[in-house]
Amino acid sequence: MPRGRYAPSPTGWLHLGNARTALAAWWRARAAGASFVMRVEDLDGPRTVQEAVTGNLEELRWLGIDWDEGPDVGGPHAPYEQSQRGEAYARALSTLSAQGLTFDCWLSRKDLREMASAPHGRAPVYGPEQRVANDRVAARKQREGKTPATRVRLPPGPVTFHDGLRGEVRADVARDAGDLVLRRADGAWAYQLAVVVDDAAMNVREVVRADDLLDATAGQVALYHALGLAPPGFLHLPLLLDAGGQRLAKRRGDLTLRALRDEGVRPARVVGWLAYGLGLLDAPREATARELVAAFDVTRLARHPARLDADALAWIRAERRLDSGGTPR
């Protein structure tokens, strides 16, 4: 049976864009009669907000989402917090190192930013020029007592993966992924490695997420192959944008579920508008997450971003009335 998942990063409270992705992932799994896994991606210790580790789960339950496995309910693939799964990541790193695919990277984020801003159109991924620069500074950084990150040089060439909205997607590993960080210089495991290891270990067969992560997929698929694992399918959703056309961001505290709940907003209004923005409803109406499981259909999903303008927020906050047919007016 296919399995779905949602994996919040507890760096703050979940915004409406996070809620939209979580609902779509949950609807997709439940509509298929599949189990659903909740995993907490708390790898980044300095950015993790401890209150949000359990608070994000409370926000999702407020929406009406439940899960069969997770940090608070257990399951056969525990632990479900990435901060407790370091042994699995270490084994994967050893597998890649045994193939001669890993190397020490001495270039800091500042070094890479400076290279990216240099003239002559530097590549946006870590490739041949970065490797030359890395070799050039390695001895000096070692003398300075610096600690390197660990990167993987994935076998070059094309990879393909299936996306639920785009069909078969073909990407080039060297061009689109480059040499990925597996472990940061501060010792923290990198997202790219952890997400691959965990989705494989938890038998996740389809990953539903926002399409700002589409560019990361080529590298992740190549990592699956290098580790001898079968990649899942993907469903990359168009983003939810604010009134100015920018993506929502936790660091700005944009439209969080916690804030809406504290305002007294009903979850049925949040769910109904997000379903409408996804293309699953012809007009926004109050609805529970459970009752919309039957309405989920990939062929109905919008192919373009949704926008949270003033009218949408007014409707969510019940500042606009419904007519007898459930349409806002």
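Because the structure is a prediction, the values reported are computed rather than measured.
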Do [X] and [Y] have side chains that get closer than 4.5 Å, going by heavy atoms?
X	Y	value
Val271	Leu63	yes
Ser9	Tyr191	no
Asp211	Leu165	no
Trp62	Val270	yes
Leu292	Leu23	no
Val137	Glu144	no
Arg91	Val197	no
Asp72	Met38	no

Co-membership, hydrophobic cluster, residues [X] and [Y], 4.5 Å side-chain:
X	Y	answer
Leu281	Leu278	yes
Trp273	Leu237	yes
Leu248	Val265	yes

When you check the side-chain N and O atoms of [X] and [Y], is any donor under 3.5 Å from an acceptor?
X	Y	value
Gln82	Asp198	yes
Tyr80	Glu69	yes
Asn18	Trp13	no
Trp106	Asp111	no

Lys/Arg N to Asp/Glu carboxylate O, [X] vs [Y], below 4.0 Å:
X	Y	result
Asp104	Lys146	no
Arg175	Asp172	no
Asp68	Arg3	no

Please report the shortest heavy-atom distance between [X] and [Y], naming the atom on each side.
X	Y	value
Ala29	Ser35	CB-O, 4.0 Å
Gly164	Val298	O-CG1, 3.5 Å
Leu193	Ala92	CD1-CB, 4.0 Å

Exercise. For residues 229-238, which residue pairs qualify under salt bridge (Lys or Arg N to Asp or Glu O under 4.0 Å), counting only residues two or more places apart or in two chains?
Worked result: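 Non-adjacent pairs meeting salt bridge (Lys or Arg N to Asp or Glu O under 4.0 Å): zero.
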Rounded at 0.5 Å granularity, tell me how far [atom1] in [X] sits from [atom2] in [Y].
X	Y	atom1	atom2	result
Trp27	Asp297	CH2	CG	13.0 Å
Leu14	Leu260	CG	CG	11.5 Å
His77	Arg85	NE2	CZ	9.5 Å
His304	Leu301	NE2	CG	11.0 Å
Leu257	Asp262	CG	CG	11.0 Å
Arg61	Thr54	CZ	OG1	10.5 Å

Under 6.0 Å from the [atom1] atom of [X], do we count more than 12 heavy atoms belonging to anything else shown?
X	atom1	answer
Asp282	CG	no
Glu87	CD	no
Arg166	CZ	yes
Arg300	CZ	yes
Arg170	CZ	no
Phe36	CZ	yes

For [X] and [Y], indicate whether the former's side chain and the latter's backbone hold a donor-acceptor pair under 3.5 Å.
X	Y	answer
Arg151	Asp179	yes
Arg140	Ala138	no
Arg30	Ala34	yes
Arg205	Pro231	yes
Asp186	Thr147	no
Gln84	Glu81	no

Problem set entry | Transitive ILVMFWY cluster of Val49, excluding itself - 4.5 Å side-chain cut-off |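 Its cluster partners, ordered by chain and number, are none at all.
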Exercise. Going by side-chain heavy atoms closer than 4.5 Å, which hydrophobic residues are tied to Leu241, directly or by a chain of links?
Worked result: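 Members besides Leu241, by chain and number: Leu239.
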Exercise. Among Glu59, Glu58, His15, Glu51, which one satisfies side-chain hydrogen bond (donor to acceptor under 3.5 Å, both in side chains) with Arg258?
Worked result: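 Per the side-chain hydrogen bond (donor to acceptor under 3.5 Å, both in side chains) rule, the option paired with Arg258 is Glu51, out of Glu59, Glu58, His15, Glu51.
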For residues 215-227, tabulate all N or O donor-acceptor pairs below 3.5 Å that involve a side-chain atom, not counting sequence neighbours.
| residue | atom | partner | partner atom | Å |
| --- | --- | --- | --- | --- |
| Thr217 | OG1 | Arg209 | NH2 | 2.9 |
| Thr217 | OG1 | Leu213 | O | 3.4 |
| Thr217 | OG1 | Leu214 | O | 3.1 |
| Thr217 | OG1 | His236 | NE2 | 3.1 |
| Gln220 | OE1 | Arg209 | NH1 | 3.1 |
| Gln220 | OE1 | Arg209 | NH2 | 3.1 |
| Gln220 | NE2 | Gln192 | OE1 | 2.8 |

Problem set entry | Ser83: partners by side chain to side chain donor-acceptor pair (under 3.5 Å), with sequence neighbours left out |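 Testing Ser83 for side chain to side chain donor-acceptor pair (under 3.5 Å), a comparison that skips the adjacent residues, returns Asp42.
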Exercise. Can you list every pair that meets ring-ring contact (aromatic ring centres under 6.0 Å, His included) and has a residue in residues 160-181, with sequence neighbours left out?
Worked result: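 Of all non-adjacent pairs touching residues 160-181, those that pass ring-ring contact (aromatic ring centres under 6.0 Å, His included) are Phe161-Phe234.
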